[in-house]
Amino acid sequence: MPIRILYVNLSERSSRVVDRPDLFSKYLGGAGIASKLLLEEVRPGIDPFSPETPIIFAAGYMTGVFPCMVKAIAMFKSPLTKNLGESHSGGHFASALRFAGYDALVIHGASEHPIIIKIIDDEVKVKMADSLWGLSPLDVEKALRECSYEGMQSVISCGKAGENLVCYSNVIVDRFHHFGRLGLGAIFGSKKLKAISILGRKGISLKNPLAVKEVYEKLHHKVVISDEMSKYHNLGTSANMLELNELGALPTHNFKESRFKDAERISGETMAESLLRRKISCPGCPIACIHLAGLKTSFAPEHERGKKEIFHEEVLVPYNYEAMYALGNNLLIKDKRDLILLIYRCESLGLDAMMMGTVLAWVTEAFEEGRITLDETLGIKPAWGDAEAYIKIIDNTVEMKNKFYAKLAQGVVAASEKYGGREYAMALGNNGMAGYITGYGAILGPLVGARHSHLSNSGYSIDQKIMNKPISIEQMVDFLIDQEDWLYVLFSLGACYFARRIYSEEVVCEALKALGIDKTQDELMKMGKEIFHNLYKFKVREGFELSEQNIPKRIFEVQTPHGKLEFEKIKSMIDYYIKKREKEGLHLKPEEKALKELLK
Amino acid sequence: MRFHIEVVHPERCIGCYSCVYACSRHLFNIIDPSKVAVFVRVNGTLANPFTVITCRFCKNPECALVCPRGALQPLPEGGITLIASKCEGCKTFDCINACMIRALALDKITNLPIICDRCGDCAKYCPHNVFKYEEMK
């Protein structure tokens, strides 16, 4: 089976399809093929905002075929890290791409005027879209939604943050999902690409339908009934808030503390009892982990009966733990409506809520310390828990109102390098930290992970599992390596990270067999490792050096469930990690000659 | 086994398409949201609730009445059956358009309308009991 890649060139407004059987036999799909295309398509040292910089999307091999196989992979050069950009999104995108008959979509070139890409099966158009420029992704989704009785459609779009090249702007996928974190929105913006709409109306054929049905039946039952997935069915990831608070691992007050006294007021439980309106799924996943809160806003005051806020309109805002931590407890926001309001602002502008929260926390602390003044903030006084001030700062950042806000738009590390306070600029590998100070895994995981995400290798999760039975430095590193390699197998198939416990090695082999692919666990593990190596080859080529990664000092000052973390211990873990990866044949130091080439 | 199927809780639909995928697996041994007899439809934006549609098994099915060749036969228990030899795949979409809730889709390859055979898979795979289904006597 060849991998079918749709190439779209925005400069020429042209498209073509290329079949790649070689990619299928080696990587099956998803993250695997994207990692290879990344090495092939991205010129070394290229500026992320250069028109030549490609965007690579890939759907997994099992997308739509088995439960929870829903994720689309995006790879690009990140404007935030100037290195590997990798982001996974749920929603309809991966399914629509496959139903349109493609495994991957590669976008080259750039346009001078706003455009969109519109795909209906074999029909691919690059269309003018001046009327969409400046609109919120939520309005773009409404505008581009087809009135179709057949097939499956996905609409993805950047917001104002992406248009203005904010380095941590997202691409919003089907209203409630995201290609988040590493600035894909800004790459869209730099290409004047506002949105992509895909309507897929073809089918995915099955060689041995009976075998597929048998495996599907088993997995579906497991996903719907088993305890392992009940968290995602019920409260969603927002259940983490009180669990982590109890554990003393909830980042609060810009990581100064690990418990939040008002956690209950903004917890998943509170949301479920008050603001939760709907839950929504990705096509092919019966879980519905996306929780939507109703945010009431009043009509014009002069039309309110008795000038009281009696009548309201309501918008639906997706909430999950990471956005809640970043814009909630970490900023000492204790009002649930304020929290949803902040999330909604990020959604409407197409901003990464996690990095925005990290930036706001740094701004508040830097202001307290006098590193920045009202001159920089244009008269806004940032204060813990003050949502109104935070919303103004968010807006000014997206508009890049002055030099200070333009710096904020480059991320927390860039801002702290200019104004000071690097020790509390909470980022690992330049990516804003996730909401866990559970222990060493939560720090080492994102630091070594290819995309610097807490989801790279589940470090935060192993921390919580070893509470009563500590493990050695070597065991921790070995776990992270095995986990990340294996996850890249799952991400090639299209699996959602949340379903990782459903898709064990045996289950994956069985599911592949039902599709006519015979692969042993060892072969799969080797494939996962090779994908990771591909990504690190790219990273090292672009100048990434693991041994020189900065860890904010604040990490070592806060109490965690494993006590205060020690720098020396993390350093030994990194050293051991490098040794182990180099033993696999991976070179982790950029060659000097190559570096010089990059610097030219 | 054949079932009476009814959409009773469309407001509970989470948009997982488990019913849709199950239907195309059952009818055509593929996965294809266009080749089905159960539909999860997006209404203008994902901010709106989904519409879930199956055949209502009408006593006087309009889809059958409009067919000039009598290819769709009303059944005594309600609903229709397709006599494929009589259907010419006329592409006038008369039967498709006759159904007010658009519970019929056209198979683009054969041009035949796709009929629910009451297998009950849509209901069985729904995680939130959107459908009511009971065995037909």
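Heavy-atom basis, side chains included; hydrogens, waters and symmetry copies ignored. Quick caveat: nothing in here was measured; it's all calculated off a predicted structure. Letters A, B, ... are given to chains in the order of the sequence lines, protein chains preceding strands, and every chain is numbered from 1.
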Answer with side chain, backbone, both or neither: which region of [X] has an atom nearer than 4.5 Å to a non-hydrogen atom of chain B?
X: V315(A); result: neither
X: S148(A); result: neither
X: R278(A); result: side chain

Using non-hydrogen atoms and a limit below 4.5 Å, what part of [range] faces chain B?
range: residues 149-157 of chain A; value: Y149(A), E150(A), G151(A), M152(A)
range: residues 226-237 of chain A; value: none
range: residues 280-289 of chain A; value: I280(A), S281(A), C282(A), P283(A), G284(A), C285(A), P286(A), I287(A), A288(A)

>> Tell me which of these, H92(A), K279(A), E141(A), E146(A), has more heavy-atom pairs under 4.5 Å with chain B than the rest.
In response: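 Highest number of heavy-atom pairs under 4.5 Å: E141(A).
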
>> If you count heavy atoms of other groups shown closer than 6.0 angstrom to CZ of R56(B), is the number above 12?
In response: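 For R56(B), atom CZ is not crowded (no more than 12 foreign heavy atoms under 6.0 Å).
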
> Where does V42(B) contact chain A at under 4.5 Å (heavy atoms): side chain, backbone, both or neither?
Replying inline: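 Contact with chain A is through the side chain of V42(B) alone.
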
>> What part of R41(B) gets within 4.5 angstrom of chain A, counting heavy atoms only: side chain, backbone, both, or neither?
In response: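 Contact with chain A involves the side chain of R41(B) alone.
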
> What's the shortest heavy-atom distance between F176(A) and A47(B), and which atoms?
Replying inline: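 Closest heavy-atom pair between F176(A) and A47(B): CZ-CA, 4.0 Å.
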
> What are the two closest non-hydrogen atoms of H26(B) and K213(A), and how far apart are they?
Replying inline: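 Nearest pair, atom of H26(B) first, then K213(A): CA-NZ, 4.0 Å.
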
Side-chain donor-acceptor distances from residues 12-20 of chain B under 3.5 Å, at least two apart:
| residue | atom | partner | partner atom | Å |
| --- | --- | --- | --- | --- |
| R12(B) | NH1 | H128(B) | O | 3.0 |
| R12(B) | NH1 | N129(B) | O | 3.3 |

What's the spacing between [X] [atom1] and [Y] [atom2] if we round to 0.5 Å?
X: D174(A); Y: T45(B); atom1: CG; atom2: OG1; value: 9.5 Å
X: N48(B); Y: R145(A); atom1: CG; atom2: CZ; value: 10.5 Å
X: I31(B); Y: R98(A); atom1: CD1; atom2: CZ; value: 8.5 Å
X: K124(B); Y: H220(A); atom1: NZ; atom2: NE2; value: 11.5 Å
X: S24(B); Y: L206(A); atom1: OG; atom2: CG; value: 8.0 Å

> Are Y216(A) and Y125(B) close enough that their ring centers fall under 6.0 Å?
Replying inline: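 Yes, the ring centres sit under 6.0 Å apart.
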
> What residue, out of E11(B), K108(B), R102(B), has the most heavy-atom pairs lying under 4.5 Å from chain A?
Replying inline: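 The answer is R102(B).
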
> In terms of heavy-atom pairs under 4.5 Å, which option from I30(B), N29(B), V40(B) contacts chain A the most?
Replying inline: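 Top option by heavy-atom pairs under 4.5 Å: N29(B).
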
